[in-house]
Colleague: 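Have a look at this one.
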Amino acid sequence: MKPQTEAELAQMVAGLNEPVHIQGGGTRGVKGPGRAIETSGLSGITLYEPGALTLVAQAGTSVAEIEGALDAEGQQLAFEPMDHRGLLGSSGTPTIGGVVAANISGPRRVQAGACRDFLLGVRYVDGMGQIVNNGGRVMKNVTGYDLVKLMAGSWGALGVLTEVSLKVLPKPEASVTLSVQVPDAAAGIQALSEALKSPFEVSGAAYDPDAGQALLRLEGFEDSVAYRSDQLKSVLSGYGDVAEVTGSTNLWAGLRDVTAFHNQDGDVWRISVKPTDAPDIAARTGAERLLFDWGGGLIWALVPEGTDLRARLGALEGHATLVRAQSDTVTRLGRFHPESAGVAALTKGIRQRFDPRGVFNSGLVG
């Protein structure tokens with residue numbers, strides 16, 4: 001099922017008598033029961049006002065098309081969404097609807113915020129086939145933030161996105177990446193924390209255990225970046241040798257897309273925790289490879305196939321998401337971290353209001 005218009009999609013959903021799963025570009029390896037409703041037919045940028053820093057696009061519009069339009073005006077999606085294809089070995093084309101539905105956010109989240117923080121408005125079709133419009137198309141007209149942000153990260157369980165309105169930002173004039181040679185994760189996370197609590201506006205903070213490097217990115221006007229870089233070098237000098245990294249654009253794209261785990265056997269988990277807890281939790285994973293982002297708040301772990309990582313971690317103040325595994329492992333362990341009883345009841349109630357017939361992505365979340 002591949003509707004070409006929002007009205008066609010609404011009619012299609014209203015006539016459903018069985019569960020379906022929602023599919024954008026098909027790049028994230030997430031499938032549910034029943035046939036797919038593909039949103040790739042709902043494509044195109046419907047409004048772009050560079051002066052107002054706003055862009056509106058249909059949900060099936062490719063991220064590449066949006067980034068191309070923004071690049072021509074010296075602008076960008078500040079939350080730098082991840083491309084999952086290399087990690088998952090998937091094909092297809094990432095779409096903006098899929099990015100919003102999964103709240104996909106990259107290294108710059110530590111400074112700029114997540115995808116949902118740039119979401120101004122949404123249009124979607126709910127489980128009864130009704131078209132809902134919430135939020136605004138430009139910043140000054142935005143209302144209804146709660147519902148707009150609720151759709152971000154809902155993974156298609158509440159409705160089928162048809163159009164999204166986003167705030168965009170200018171590309172930085174200059175960028176510098178500093179690397180600090182740090183021997184272990186605990187010291188590496190401490191270095192990242194020291195940089196992030198400084199006044200020097202770090203826009204990326206990652207630790208690569210394989211290289212023993214803490215990586216810090218600074219962006220902005222050239223003079224400002226140069227000054228902040230010199231100051232941050234002094235702050236970090238006590239942790240190890242500090243150097244500037246060349247080719248940092250590709251470096252951060254690799255960190256964003258977790259290229260270190262591409263073509264590597266094993267399951268991939270994504271663990272969100274307090275940065276201060278990261279070293280201990282990482283040690284408990286028994287992972288074959290690790291990568292830290294968001295100042296240690298995000299841990300990528302590569303473990304042997306079929307590993308129940310949540311059982312290894314035990315009680316966790318955070319959540320562990322199974323990103324890549326065989327279908328039987330996903331079925332056995334569940335993709336998303338189990339919800340507490342209170343949160344599960346809240347989730348059930350929300351889904352009942354948005355999708356009373358339970359036709360969207362049944363069993364995926366909640």
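Model, not experiment: these values are computed from the prediction. Side chains included, hydrogens not; waters and symmetry mates left out as well; all remaining heavy atoms used. Throughout, numbering of the chain's residues begins at 1 and tracks the sequence.
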Colleague: With rounding to the nearest 0.5 angstrom, report the NZ to CD1 distance, Lys274 to Ile189.
Modeller: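 Lys274 atom NZ to Ile189 atom CD1 measures 14.0 Å (nearest 0.5 Å).
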
Colleague: For the pair Asp126 (side chain) and Met128 (backbone), establish whether a donor and an acceptor sit closer than 3.5 Å, ignoring hydrogens and angles.
Modeller: yes

Colleague: Show me, pair by pair, the donor-acceptor contacts under 3.5 angstrom made by side chains of residues 302-309, not counting sequence neighbours?
Modeller:
{"residue": "Thr307", "atom": "OG1", "partner": "Pro304", "partner atom": "O", "Å": "2.6"}
{"residue": "Asp308", "atom": "OD1", "partner": "Arg310", "partner atom": "N", "Å": "3.3"}
{"residue": "Asp308", "atom": "OD1", "partner": "Ala311", "partner atom": "N", "Å": "3.2"}

Colleague: Is a donor on one side and an acceptor on the other found under 3.5 Å between the side chain of Trp269 and the backbone of Arg324?
Modeller: no

Colleague: Do the side chains of Arg357 and Val13 get nearer than 4.5 Å, heavy atoms only?
Modeller: yes

Colleague: Donor-acceptor check, side chain of Arg217 to backbone of Ser175, threshold 3.5 angstrom: yes or no?
Modeller: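 Side chain of Arg217 to backbone of Ser175: no pair is present.
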
Colleague: Please indicate whether Gln326 has more than 12 foreign heavy atoms, meaning atoms of other residues, nucleotides or ligands, lying under 6.0 Å from its CD.
Modeller: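 No, because the 6.0 Å sphere around CD of Gln326 holds 12 heavy atoms or fewer from other groups.
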
Colleague: Using modelled atom types only, decide if a donor and an acceptor are shared between the side chain of Arg228 and the backbone of Pro199 within a distance under 3.5 Å.
Modeller: no

Colleague: Could you measure the distance from the CD atom of Gln75 to the NZ atom of Lys167? Nearest 0.5 Å is fine.
Modeller: 11.5 Å

Colleague: Distance-only, no hydrogens or angles: does the Arg270 side chain make a donor-acceptor pair with backbone N or O of Thr321 under 3.5 Å?
Modeller: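 Pair absent, no side-chain N/O of Arg270 close to backbone of Thr321.
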
Colleague: Any side-chain heavy-atom pair from Phe118 and Leu169 closer than 4.5 angstrom?
Modeller: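 In contact.
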
Colleague: Can you list the residues that meet the side chain to side chain contact (heavy atoms under 4.5 Å, CB included) rule with Ser40, with sequence neighbours excluded?
Modeller: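 For Ser40 the side chain to side chain contact (heavy atoms under 4.5 Å, CB included) partners, ignoring immediate neighbours, are Lys2, Glu38.
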
Colleague: Using a cut-off of 6.0 Å, state whether more than 12 heavy atoms not belonging to Gln4 lie near its atom CD.
Modeller: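 Yes, enclosed.
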
Colleague: I need the single residue from Asp208, Asp210, Asp267 that forms a salt bridge (Lys or Arg N to Asp or Glu O under 4.0 Å) with Arg289. Which is it?
Modeller: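 Of all the options given, the one that passes is Asp210.
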
Colleague: What's the separation between atom CG in Leu42 and atom CD1 in Ile96, rounded to the nearest 0.5 Å?
Modeller: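 Result: 14.0 Å between the selected atoms.
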
Colleague: Classify the side-chain pair Thr162/Arg123 by whether it contains a donor and acceptor separated by less than 3.5 Å.
Modeller: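 No.
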
Colleague: Crowded around Asp328 CG? As in, over 12 foreign heavy atoms under 6.0 Å?
Modeller: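 Result for CG/Asp328: enclosed.
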
Colleague: Does one side chain, of Arg351 or Thr347, offer a donor that lies under 3.5 Å from an acceptor on the other?
Modeller: no

Colleague: Quick check: do Gln130 and Val125 have side-chain heavy atoms less than 4.5 Å from each other?
Modeller: no

Colleague: If we check side chain to side chain contact (heavy atoms under 4.5 Å, CB included) with Val100, which of these qualifies: Leu119, Thr95, Val148?
Modeller: Leu119

Colleague: Assess the residue pair Lys171 and Asp71 against the criterion (salt bridge (Lys or Arg N to Asp or Glu O under 4.0 Å)); give the C-alpha distance rounded to whole Å, side-chain angles, the decisive distance to 0.1 Å, and a yes or no.
Modeller: CA-CA 8 Å; Lys171 284 190 169 184; Asp71 187 63; 2.3 Å; yes

Colleague: Asp117 side chain to Ala114 main-chain N or O, any donor-acceptor pair under 3.5 Å?
Modeller: yes

Colleague: Of Arg109, Arg108, Arg256, which is the lone residue that meets salt bridge (Lys or Arg N to Asp or Glu O under 4.0 Å) with Glu80?
Modeller: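 Testing each of Arg109, Arg108, Arg256 against Glu80, the sole residue satisfying salt bridge (Lys or Arg N to Asp or Glu O under 4.0 Å) is Arg108.
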
Colleague: Might you confirm whether atom CD of Glu317 has over 12 heavy atoms from other residues, nucleotides or ligands at distances under 6.0 Å?
Modeller: no

Colleague: Decide whether Met151 and Leu346 are clustered together by the hydrophobic rule: side chain heavy atoms of Ile, Leu, Val, Met, Phe, Trp, Tyr closer than 4.5 Å, transitively.
Modeller: yes

Colleague: Keeping Ser198 on the side-chain end and Ala195 on the backbone end, is there a donor-acceptor pair under 3.5 Å?
Modeller: yes

Colleague: Is there a donor-acceptor pair closer than 3.5 Å between any side-chain N or O of Ser272 and the backbone N or O of Gly318?
Modeller: no

Colleague: Is there side-chain contact between Leu87 and Asp257, with heavy atoms separated by less than 4.5 Å?
Modeller: no

Colleague: Judged by atom type as modelled, is there a donor-acceptor pair below 3.5 Å linking the side chain of Asn103 to the main-chain atoms of Arg116?
Modeller: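 Yes.
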
Colleague: Are more than 12 heavy atoms, taken from residues, nucleotides or ligands other than Gln11, located less than 6.0 Å from that residue's CD atom?
Modeller: no

Colleague: For the residue pair Tyr207 and Phe292, categorise the inter-ring angle as parallel (less than 30°), tilted (30 to 60°) or perpendicular (more than 60°).
Modeller: tilted

Colleague: Could you check whether any side-chain N or O of Arg312 sits under 3.5 Å from a backbone N or O of Thr285, counting only pairs where one atom can act as donor and the other as acceptor?
Modeller: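 Yes: the side chain of Arg312 pairs with the backbone of Thr285.
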
